[in-house]
Chemist: 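Take a look at this one; I'll ask things after.
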Amino acid sequence: MAMEKQYKVGIYCRLSKDDGTNLESASIATQKTILTDYVRQRNWHLVKVYVDDGYSGTNFNRPDFQNMIQDIEDGLIDCVITKDLSRLGRNYLDCGLYLEVFFPEHNVRYIAVNDGVDTISKTAMDITPFRNILNEMYSADVSVKIKSAYRARFNQGKFMGTTAPYGYRKDPDDKNHLLIDERVAPVVRKIFELALEGNGILRIRNWLNHQNFLRPAAYSAEQGNIGYERYFENNEENRYIWSENSVRQILRSPIYAGNLVGYKRPVISMKSKKRPSRLPEEWEVIPNTHEGIVSQETFDTVQQMITSRRKKNSSGYNNIFAGVIKCAECGYSMSVGSAHRRKRPEVIDCIVYSCGSYTRYGTLSCTSHKIEARDLYNAVLADINYYANMALKNPKAVMEIQQKLSAMDKSEFKAFSREKRKLEKRLTELDRLFSSLYEDKVMGRITERNFSRMSEKYEKEQFELDLRLKEIEAELSAKGVSDKGAVDFVSLIKQYQGITELTATTVNALIDKIVVSEHKENADGVMEQCITIYYKFVGSLHEFYIPVPKRTCFFGEKVCTRCGTEYIPNSNVARYCPDCRKIVKREHEVRSNEVRKAKRHALKAQAEKEKAISLSTFELSAKDDRLT
């Protein structure tokens, strides 16, 4: 009779975060007892106990679960046991991945004691996927109930945040009610007062920094709230440096007018942890739940001022590239500026984009990267039309774009695949050599010195092979993504063929970002600027250069001071019409020539006079010498 395999066991215990506390709960202790007895009865070797107390089963990013996965990959355990399948997790997709892919690939046996699940039993595994689905349905049901409870309490006007917002404190008699914190409430009132005076967020922030007020996170840390102190461990000055975002959040939050606000970043679904932000107009607000630091009228006025500033540029320019155009060097967004000395009929011809970092911090951080709004507009419009025409008229457009995206041809693809197989084979051999080497060391066949030398050699080779393997996988992955991306891009851009005008909707639908480089002089001495457009699905298809033109000013009509006719000048100091300008220029040249001739005659006469005096002096000197 064959001896049963002696497994190296790791038992895993988990309890939902809704029941978790700082101490291990009784349920965790119960799980440990059941699983430890199970291992002891079979005389298996218990290597380690993994516990995640207070973590949801829908998320596999749990500390001790990840430690267990790492130990499996390191070969420390070859059997995982849980009380039931739901302790492993409640997401049926991820549970299936571990049960059917990860554990078999690492020769790990999995057992769920109460559910009768055992990966070495085919009969038991046939029903397992349905158990996973039921576990996830349970989580979904619990999620709905919890959300309903939160919704009900929110509708009742109860504050459910962990910490009170800046300017408030929790009521000692009712943790769901807010009271004004008179220590910092004057700072909040001053922020709103400055905003009402027409100050922008940057100016308010600078004022706060000069006053040395503790920033909200630092004040919260001072009150004993955990999780904030890490921001100031290495630099105490950061406690007094406010960010623009902190000022913006205070000015935008209805909390300060006495209203409860929620659902600013709702979760997409139970399985996704992404929380997309909503615009302030989309937040849910329960009015009059606590005392406001500022009046509702003050708050509403400030909102109107912020909204109008956001939607309308002071120059009247509609910034369709907002959030899209970036600096090539520092990555900052490009900011809009007006060329005040330039006066032209259309607003766009009076607008320039400059690096936001340069605008804010000067040459210490970056250079201007200035680009005319008109040049950018024309370049982007032309590029979109070029690819739209290609997509519509060229049946091989997808293939051409794929070739632009990746220089790999079929032979290169095969070469990468062959190299990948060789690397994987060599890594497997190195694993085997390490095992043999360790056995030789334990058995005393090689010395400690030789073991260290060989281990170091193998580890170095493993590191290099892993690095190269990741590079190859990235190349192959990029090839697969680019193929599908090209198809999606061609399908999308076809819809924009022949457009004659750019709008913010068009730009955001087609483009992820536009990167602008600094001006450079080419071989012909012409200044030019590189622009790179990153399209949806495909990224950058090419770089293109545009010349940097010299802009002329546009001025109203003037009266010529010579002939009295009206004309359009080229500069603000012009005095003559074009015809008179030519006449005046010729007259000036004639006068200049006459003056130059007079100067030459005067200089010549002066030179002849000096020469005559010199000769006379020489003759007298010679006569004196003879007499002597």
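The analysis underlying the following values was restricted to heavy atoms, covering all of them including side chains, and did not include hydrogens, waters or symmetry mates.
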Chemist: Does Arg183 form a salt bridge (charged side-chain N to carboxylate O under 4.0 Å, His left out) with Glu222? I'd like the steps, not just the answer.
Modeler: CA-CA 12 Å; Arg183 288 184 60 188; Glu222 189 183 75; 3.3 Å; yes
Chemist: So Tyr50 and Asp71, side-chain hydrogen bond (donor to acceptor under 3.5 Å, both in side chains) or not? Walk me through it.
Modeler: CA-CA 11 Å; Tyr50 304 92; Asp71 289 344; 2.6 Å; yes
Chemist: Kindly write out the residues that satisfy side chain to side chain donor-acceptor pair (under 3.5 Å) with Thr506, not counting sequence neighbours, or none if the list is empty.
Modeler: Thr503
Chemist: Give me the ring orientation class for Tyr535 and Tyr387: parallel if the planes are under 30° apart, tilted from 30 to 60°, perpendicular past 60°.
Modeler: perpendicular
Chemist: Regarding Tyr353 and Asn319, is there a side-chain donor-to-acceptor distance under 3.5 Å anywhere?
Modeler: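 Present: a donor and an acceptor within the cut-off.
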Chemist: What I want to check is whether the side chains of Tyr12 and Arg62 have a donor and an acceptor closer together than 3.5 Å.
Modeler: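 Yes, side-chain donor-acceptor contact under 3.5 Å.
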Chemist: Verify whether one side chain among Asp84 and Ser86 offers a donor that lies under 3.5 Å from an acceptor in the other.
Modeler: yes
Chemist: Evaluate the side-chain hydrogen bond (donor to acceptor under 3.5 Å, both in side chains) criterion for residues Ser335 and Thr359: first the C-alpha distance (whole Å), next the side-chain angles of each, then the deciding distance (0.1 Å), finally the verdict.
Modeler: CA-CA 8 Å; Ser335 59; Thr359 304; 3.2 Å; yes
Chemist: With a 4.0 Å cut-off, would you call Arg374 and Asp349 a salt bridge?
Modeler: yes
Chemist: With no hydrogens and no angle check, just 3.5 Å: does a side-chain donor-acceptor pair link Asn209 and Asn206?
Modeler: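 The criterion, which ignores hydrogens and geometry beyond distance, is not satisfied for Asn206 and Asn209.
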Chemist: Does the plane of the ring in Tyr166 sit parallel, tilted or perpendicular to the ring in Tyr219? Use 30° and 60° as the thresholds.
Modeler: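 The arrangement is perpendicular - the two ring planes meet at more than 60°.
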Chemist: Can you confirm whether more than 12 heavy atoms, excluding those of Tyr358, are under 6.0 Å from its OH atom?
Modeler: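 Check fails, neighbour count at 12 or below.
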Chemist: Side chains of Gln296 and Asn259: do they bring a donor and an acceptor to under 3.5 Å?
Modeler: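 Yes, a side-chain donor-acceptor pair sits under 3.5 Å.
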Chemist: Would you call the rings of Tyr98 and Phe103 parallel, tilted or perpendicular, taking 30° and 60° as the class edges?
Modeler: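 Plane angle between 30° and 60°, so tilted.
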